[in-house]
Amino acid sequence: MLGDDQRRGPRRVGRTLLAAAMILAAHGSAPADEPAAHAGLKPGSRLERRGDEIAVCGQLYHTTTPVVLWSDPGGYDAYRLEPRFKPLSDSIPPARKEDTQPALRSTFGLRRRNLSADDLERVRGGGWDLPTLRKAVDQFVIHYDVCGTSRRCFQVLHDQRNLSVHFMLDADGTIYQTLDLKEQAWHATIANARSIGIEIANMGAYPPASAQALDRWYRTTPGGDTFLTIPDAELPFLRDRDAVLRPARAARIGGNIQGQDLVQYDLTERQYQALIRLTATLCTLFPGIRCDYPKDASGKLIPVKIPNDQLDRYRGIVGHFHVQTNKTDPGPAFQWDKLVDGTKALLSGSGVTP
Ligand SMILES: [Zn+2]
């Protein structure tokens, strides 16, 4: 229905333009009612991105390492409800009540932890800001994906398991962000409400007797060099498909996690360098995430789940195995000191106290 507002609109615009023209004619500068924050901008001009930004409460923050957002070409969009990898004709969510398909479920939720009733009313309408999100977030959960590539990881999480994670870190060091950090992703049970999660592309850890799954993904030369061999079906989707990818240490790394002896290949050096830059970004934006990992009295990594009351008090970086007894990621090869020391060095170099 056409109402007063619609009829009034053009006349009001006309008057505004006329007023602006008169002001310009009088002063030869921008209209006096142009907000100062927009001075010098042209309507329709594009905001340049550098390709290293993550999205937090709708704002973009630099990480200084390549990031693909869910809205970028080649990105992975956890806001879509339909499966990402089925044919499009099978993937349209039901639009009408009479559709017989079951409704598609969201894969993420509203963060509520430490928020007042007023906060919740504001943010449920989309009004998140960083100070409010800082009240809720104080852990960064590290996973490996047992998929080997971020594309395959998103297929399993999103299409098959109805789960979500904020970041995926591919073998070539590319970071994918699938959701704004204001969303509560579903990746680590009791830690979901307070954490940001990352799935690192890595084939995971196995008991030594059943580690042959690793043979398909790693090749060691007679000279002792080990290379990552991404399967042909996955390789075209790696962003840097020409990269020569090696685990940061050539040999399989053994260790005991959650009471199990396991072997695993290390992450690639590119993954560590990207993870360090992302962690430095997160520890800067969220001071509640201390740049440290769970340690025992002697300063060594705690290699098992942390009791719930202790986990409740812990603020910092954790492995998935610190949260759940049935998990072993990020595994015995993950270099906690490399991550934490690298992050602290980067932060101190940029003048931020970890
Ligand atoms: Zn995990």
Side-chain angles (χ1 to χ4, degrees), residues 76 78 107-109 111 137-171 174-179 181 183-207 210-211 213-214 217 247 253 255-268 271-272 274-275 278-279 282 289 293-294 301-308 310-312 314 316-336 338-340:
Y76 298 103
T107 62
F108 57 93
R111 291 194 193 266
V137 171
D138 59 7
Q139 289 181 354
F140 182 30
V141 182
I142 312 280
H143 305 258
Y144 57 51
D145 62 12
V146 201
C147 292
T149 64
S150 292
R151 177 176 185 269
R152 178 82 185 126
C153 175
F154 192 74
Q155 188 167 21
V156 170
L157 277 184
H158 186 79
D159 286 19
Q160 296 176 18
R161 301 185 61 198
N162 217 235
L163 298 173
S164 57
V165 72
H166 302 96
F167 296 110
M168 301 185 298
L169 173 52
D170 217 340
T174 302
I175 293 170
Y176 295 91
Q177 186 179 358
T178 76
L179 288 166
L181 303 191
E183 318 297 355
Q184 179 169 317
W186 296 350
H187 59 98
T189 59
I190 56 172
N192 288 340
R194 65 192 296 184
S195 72
I196 295 162
I198 186 165
E199 288 279 2
I200 300 173
N202 180 277
M203 285 311 290
Y206 301 83
S210 56
L214 295 171
W217 285 77
I253 308 298
N256 190 292
I257 303 288
Q258 214 77 273
Q260 302 175 55
D261 284 326
L262 301 168
V263 293
Q264 177 196 9
Y265 280 107
D266 206 344
L267 310 187
T268 66
Q271 288 178 314
Y272 276 114
L275 185 61
L278 178 64
T279 305
L282 297 178
I289 303 176
Y293 58 86
L301 171 75
I302 297 175
V304 295
K305 178 191 157 41
I306 303 171
N308 283 351
Q310 288 176 38
L311 187 64
D312 203 46
Y314 179 83
I317 308 166
V318 287
H320 198 181
F321 68 75
H322 291 123
V323 179
Q324 289 170 244
T325 55
N326 61 340
K327 295 293 175 182
T328 55
D329 54 327
F334 188 78
Q335 299 186 56
W336 290 91
K338 185 178 171 81
L339 169 62
V340 164

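We count residues from 1, following the sequence as given. Given the structure is predicted, the values throughout are model-derived calculations rather than measurements. Atoms within each ligand, like the ligands themselves, are counted from 1 in listed order.
Nearest N/O/S atom of D329 with respect to the Zn ion (ligand 1) is recorded as OD2. Atom ND1 is the N/O/S atom of H143 found closest to the Zn ion (ligand 1). Checked against the Zn ion (ligand 1), the N, O or S atom of H320 at the shortest distance is ND1.
A side-chain contact (heavy atoms from CB on, under 4.5 Å) with H322 is found for exactly one of V141, V304, I317, L301, namely L301. Partner of Q177 under the side-chain contact (heavy atoms from CB on, under 4.5 Å) criterion, out of L181, L179, I175: L181 alone.
Here H166 contributes atom NE2 and H187 contributes atom NE2; the two are 5.5 Å apart, rounded to the nearest 0.5 Å.
The shortest side-chain heavy-atom distance between L157 and W186 does not fall under the 4.5 Å cut-off.
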